[in-house]
Amino acid sequence: MPQGQPTEVPDDGLTTRQRRNRPLTIVHTGPGKGKSTAAFGMALRAWNQGWPVGVFQFVKSAKWKVGEERALKVLGASGEGGAVTWHKMGEGWSWVQRDPASSEEAAREGWEQVKRDLAAETYRLYVLDEFAYPMHWGWVPVDEVVRVLRDRSGTQHVVVTGRNAPAELLDFADLVTEMTKVKHPMDAGQKGQRGIEW
């Protein structure tokens with residue numbers, strides 16, 4: 001277990017163990033590559049701990065064959081770790097807006113499903129992949145998201161990925177990582193590759 005010295009100890013009345021086991025809200029944001037990949041790495045850790053994992057994919061096209069999806073589904077069905085459920089919210093957008101009205105509706109319904117699962121304590125880890133976008137675009141109210149995550153019961157960890165995560169979410173989150181781009185092959189006209197991007 002990594003050891004560290006906290007800069008301050010909260011006056012919250014919790015023991016070190018109670019504080020350590022608090023459910024976390026985690027955000028991976030920024031213009032760099034690797035936000036979803038890092039969240040799926042956390043899903044692997046959760047699977048290994050025997051936790052039920054729910055992945056909610058909000059923006060990437062439902063038609064894409066995402067490598068992490070196949071791997072996590074196979075692991076989830078293996079009976080060795082936790083169960084893994086993968087939800088694709090509508091048709092997805094990728095980076096091109098196709099049908100804003102249906103995409104907005106799908107994102108809202110996806111958020112309603114997340115709220116139902118949080119209320120039922122369905123999963124121990126939730127990966128809300130690219131969920132920063134529906135909040136950034138105003139499709140899902142940020143204040144509602146923060147309120148629901150603040151009031152969730154049990155030991156449910158939530159990871160939100162996507163560029164332009166709203167400031168209110170960042171302020172509320174326990175852990176925020178900003179991925180910055182230093183260099184990317186796409187800058188030189190090279191398209192995404194199998195095994196690297198998907």
Side-chain angles (χ1 to χ4, degrees), residues 7-8 10 12 22-43 46 53-62 64 66 68 86-182 184 186 197:
T7 55
E8 65 180 71
D12 54 13
R22 271 187 331 108
L24 300 176
T25 299
I26 301 162
V27 178
H28 298 163
T29 192
K33 178 175 169 47
K35 298 177 287 293
S36 297
T37 303
F40 295 141
M42 294 180 78
V53 176
V55 177
F56 296 80
Q57 201 167 30
F58 278 87
V59 173
K60 291 174 182 166
S61 174
W64 287 3
V66 179
E68 294 94 343
W86 199 284
H87 305 272
K88 293 186 179 184
M89 304 293 123
E91 296 178 7
W93 273 34
S94 182
W95 300 109
V96 180
Q97 293 185 0
R98 294 193 178 101
D99 180 0
S102 68
S103 295
E104 181 174 354
E105 184 180 329
R108 286 185 179 167
E109 175 49 37
W111 170 238
E112 291 300 318
Q113 182 61 51
V114 170
K115 288 182 356 186
R116 288 189 291 270
D117 284 329
L118 285 167
E121 297 185 42
T122 305
Y123 306 108
R124 183 84 186 268
L125 178 72
Y126 295 73
V127 176
L128 309 186
D129 188 37
E130 309 289 5
F131 187 52
Y133 289 101
M135 286 184 279
H136 176 71
W137 292 327
W139 294 353
V140 175
V142 180
D143 58 342
E144 179 185 315
V145 172
V146 170
R147 179 179 47 76
V148 168
L149 295 181
R150 179 182 292 120
D151 296 343
R152 72 189 187 272
S153 59
T155 55
Q156 302 176 93
H157 301 281
V158 177
V159 186
V160 175
T161 73
R163 297 179 185 209
N164 303 312
E168 301 93 318
L169 180 66
L170 300 180
D171 290 343
F172 166 71
D174 301 291
L175 172 61
V176 176
T177 299
E178 183 173 14
M179 308 291 192
T180 58
K181 183 184 77 166
V182 175
H184 197 294
M186 289 184 182
E197 268 76 33

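Start at 1 with the first residue, then count along the sequence. Source: prediction; values computed, not measured.
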Q) Where do F172 and V145 land on the side chain to side chain contact (heavy atoms under 4.5 Å, CB included) test, with the steps shown first? A) CA-CA 10 Å; F172 166 71; V145 172; over 6 Å; no
Q: Please say which of V159, I26, D117 ends up in a side-chain contact (heavy atoms from CB on, under 4.5 Å) with Y126.
A: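 Testing each of V159, I26, D117 against Y126, the sole residue satisfying side-chain contact (heavy atoms from CB on, under 4.5 Å) is D117.
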Q) In terms of ring plane angle, is the pair H87 and F56 parallel, tilted or perpendicular, where the classes change at 30° and 60°? A)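 Parallel.
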On a heavy-atom basis, which atom in [X] and which in [Y] lie closest, and how many Å separate them?
X	Y	result
P166	A132	CD-O, 4.4 Å
A43	L125	CA-CD2, 3.5 Å
D174	P23	OD2-O, 3.9 Å

Q. Mind checking whether M42 and H28 have side chains closer than 4.5 Å, heavy atoms only?
A.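 Touching, per the 4.5 Å side-chain cut-off.
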Q. Do V114 and F58 come within less than 4.5 Å of each other through their side chains, counting heavy atoms only?
A.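 Contact flag for V114/F58 side chains = yes.
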Hey, could you give me the [atom1]/[atom2] distance between [X] and [Y], rounded to the nearest 0.5 Å?
X	Y	atom1	atom2	result
E130	K35	CD	NZ	7.0 Å
Y133	R163	OH	CZ	5.0 Å
E68	Q57	CD	CD	8.5 Å
T25	L170	OG1	CG	11.5 Å
Q156	E121	CD	CD	5.0 Å
H136	T29	NE2	OG1	9.5 Å

Q: Before giving the answer on side chain to side chain contact (heavy atoms under 4.5 Å, CB included), spell out for E144 and K115 the whole-Å C-alpha distance, their side-chain angles and the decisive distance to 0.1 Å.
A: CA-CA 10 Å; E144 179 185 315; K115 288 182 356 186; 2.8 Å; yes
Q | Note: R108-E112 ion pair, threshold 4.0 Å (strictly below) | A |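 Salt bridge absent between R108 and E112.
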Q | Residues R116 and E109 bridged, charged N to O under 4.0 Å | A |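 Answer for the salt bridge query: yes.
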Q: Applying side chain to side chain contact (heavy atoms under 4.5 Å, CB included), run through R152 and L149 and close with a yes or a no.
A: CA-CA 5 Å; R152 72 189 187 272; L149 295 181; 3.6 Å; yes
Q: For W139 and W111, run side chain to side chain contact (heavy atoms under 4.5 Å, CB included): C-alpha distance rounded to whole Å, both residues' side-chain angles, the deciding distance at 0.1 Å, then the answer.
A: CA-CA 10 Å; W139 294 353; W111 170 238; over 6 Å; no
